[in-house]
Amino acid sequence: MWRRVASVSHFTCAHKSIVNNKDVCKLKFWEAFTTEIPRKDKGTFQRDKTPFITFVLGGPGSGKGTQCMKIVENFGFTHLSAGDLLRREIAANSADGTMILNTIKEGKIVPSELTIRLIQKEMESSDNYKFLIDGFPRSEENRIAFEQIIGAEPDIVLFFDCPEDEMVKRVLNRNQGRVDDNIDTIKKRLKVFAALNLPVVKYYLEKGKLYKINAVGTVDEIYKQVYPVFASFNFEQVRA
Ligand SMILES: Nc1ncnc2c1ncn2[C@@H]1O[C@H](COP(=O)(O)OP(=O)(O)OP(=O)(O)O)[C@@H](O)[C@H]1O
Ligand SMILES: O=c1ccn([C@@H]2O[C@H](COP(=O)(O)O)[C@@H](O)[C@H]2O)c(=O)[nH]1
Ligand SMILES: [Mg+2]
């Protein structure tokens, strides 16, 4: 595993850039994490913790969603799968639904602004400060757009490293009725992953933020590599 040992930056630079740019949209995001928010159902709470953002990367079928579920269970993160958010737009017949469906069928990447808007909405409406952003950013363009729109970088990045033949096998056995879980689309997704997503992985490796996980083995064997990453940050454990 390649791991970063340095301390966590917790948005510090991001705050400065938000304020300097006087960007209303970004400021709104920041305010959402610092303002006292009255809730009828839950009482008033202070979101006094800076967001902790984890990007979860890896090829199709590498096990990102499966491992995220375990992190949520143990460490109380909010799991935001970009793919799930896009599929929800399709299911809701939203204005962008048809375009998203066609893009997913082709294994291509949906325009950054759209995906980031969906992620931002979820983050702003969450009571949590710990986020797993699964399957995003998929390209350098995605990554830069996230930094510009949200005004933040991830604290850490998990990368599930899995051989192509294993990913293909898992996706073809998934049986969740996904329109992109067929051999033709998988081939396209793998090409897009290698061409556009691996440069993002390299970027975070060079920044010292990457935790590379060997994604071959049983779910529990893989989680044995993931667990210590989060344990090292001393988050309160929801369940050990
Ligand atoms: N370690 C593992 N060994 C065997 N099968 C696994 C393992 N981890 C996950 N799976 C299975 O492989 C399939 C793909 O896993 P998962 O959906 O978590 O991958 P993913 O990285 O989120 O994929 P995608 O990018 O396509 O959403 C699922 O059916 C899951 O149950
Ligand atoms: O940031 C994103 C995430 C996903 N997509 C599209 O959705 C499919 C499925 O994504 P999964 O992460 O495998 O669920 C992906 O192949 C892309 O077409 C996207 O465009 N942008
Ligand atoms: Mg997934």
Side-chain angles (χ1 to χ4, degrees), residues 53-73 79-91 96-123 131-146 149-150 154 157-198 200-201 213-227:
I53 298 177
T54 303
F55 283 161
V56 183
L57 304 180
S62 58
K64 301 180 293 296
T66 304
Q67 295 294 323
C68 281
M69 284 196 290
K70 295 179 80 69
I71 301 164
V72 168
E73 198 184 320
H79 177 208
L80 302 178
S81 156
D84 284 351
L85 295 176
L86 293 169
R87 284 184 284 275
R88 196 168 74 186
E89 293 299 293
I90 299 171
D96 299 307
T98 306
M99 181 274 288
I100 295 172
L101 176 62
N102 291 333
T103 307
I104 287 181
K105 275 184 183 164
E106 285 304 310
K108 292 185 177 161
I109 299 174
V110 169
S112 297
E113 289 68 23
L114 172 44
T115 312
I116 293 165
R117 176 164 49 77
L118 298 175
I119 294 171
Q120 184 178 25
K121 204 168 145 211
E122 294 300 310
M123 291 178 82
F131 297 100
L132 297 171
I133 302 187
D134 163 3
F136 180 95
R138 284 196 120 81
S139 64
E140 280 288 276
E141 201 265 331
N142 267 180
R143 177 185 69 72
I144 293 162
F146 184 90
I149 296 171
I150 303 292
V157 178
L158 293 187
F159 168 50
F160 290 95
D161 187 28
C162 195
E164 286 198 356
D165 56 350
E166 178 66 19
M167 293 196 273
V168 172
K169 199 171 75 186
R170 289 183 192 173
V171 169
L172 290 179
N173 285 332
R174 181 155 46 187
N175 284 326
Q176 287 178 358
R178 278 177 51 164
V179 290
D180 53 349
D181 280 357
N182 58 77
I183 192 64
D184 287 345
T185 311
I186 293 166
K187 283 181 185 164
K188 291 176 186 167
R189 288 160 70 192
L190 287 170
K191 275 192 186 155
V192 169
F193 171 71
L196 301 180
N197 205 196
L198 284 180
V200 179
V201 172
I213 307 291
N214 173 12
V216 180
T218 66
V219 170
D220 286 345
E221 281 167 353
I222 295 161
Y223 191 61
K224 275 191 184 140
Q225 301 169 67
V226 172
Y227 180 90

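Start at 1 and go down the list; that is how both ligands and their atoms are numbered.
With ligand atoms numbered from 1 in the order given, ligand 2 contributes 8 (C), 9 (C) to contacts under 4.0 Å with heavy atoms of Asp180. If you number the atoms of ligand 2 from 1 as listed, the ones under 4.0 Å from a heavy atom of Ile104 come out as 6 (C), 7 (O), 8 (C), 18 (O). Interface of Gly135 with ligand 2, defined as ligand atoms under 4.0 Å from a residue heavy atom, comprises 1 (O), 2 (C), 3 (C). Contact atoms of ligand 2 toward Thr115: 1 (O) (distance under 4.0 Å to a heavy atom of the residue). Atom numbering of ligand 2 starts at 1 in the shown order; those under 4.0 Å from a heavy atom of Arg87 are 9 (C), 14 (O). Atom numbering of ligand 2 starts at 1 in the shown order; those under 4.0 Å from a heavy atom of Val110 are 19 (C), 20 (O). When each atom of ligand 2 is checked for a heavy atom of Ala82 under 4.0 Å away, the hits are 1 (O), 2 (C), 3 (C). Near Ile109, meaning under 4.0 Å from one of its heavy atoms, ligand 2 places the atoms 20 (O).
For a heavy-atom separation below 4.0 Å, the residues in contact with ligand 1 are Gly59, Pro60, Gly61, Ser62, Gly63, Lys64, Gly65, Thr66, Arg170, Arg174, Arg178, Arg189, Gly217, Thr218, Val219, Ile222.
Glu106 does not count as a contact of ligand 2, since none of its heavy atoms falls under 4.0 Å from the ligand. Under a 4.0 Å heavy-atom criterion, Lys64 is not in contact with ligand 2.
Between Glu140 and Arg143 there is a salt bridge, since at least one side-chain N of the basic residue sits less than 4.0 Å from a carboxylate O of the acidic one. Checked for salt-bridge contact, Arg88 and Glu122 meet the test: a charged N lies under 4.0 Å from a carboxylate O. Salt bridge Arg189/Asp181: present, at least one basic N to carboxylate O contact under 4.0 Å. Contact check on Arg170 versus Glu166 returns a salt bridge, with a Lys/Arg side-chain nitrogen under 4.0 Å from an Asp/Glu carboxylate oxygen.
For atom 11 (P) of ligand 2, the nearest non-hydrogen atom from the set Arg189, Arg178, Lys108 comes from Arg178.
Side-chain atoms of Lys64 never come within 3.5 Å of backbone atoms of Asp134 as a donor-acceptor pair (strictly under, hydrogens ignored).
Residue contacts with ligand 2: Asp84 is placed with no nitrogen or oxygen under 3.5 Å of a nitrogen or oxygen of the ligand (distance criterion only).
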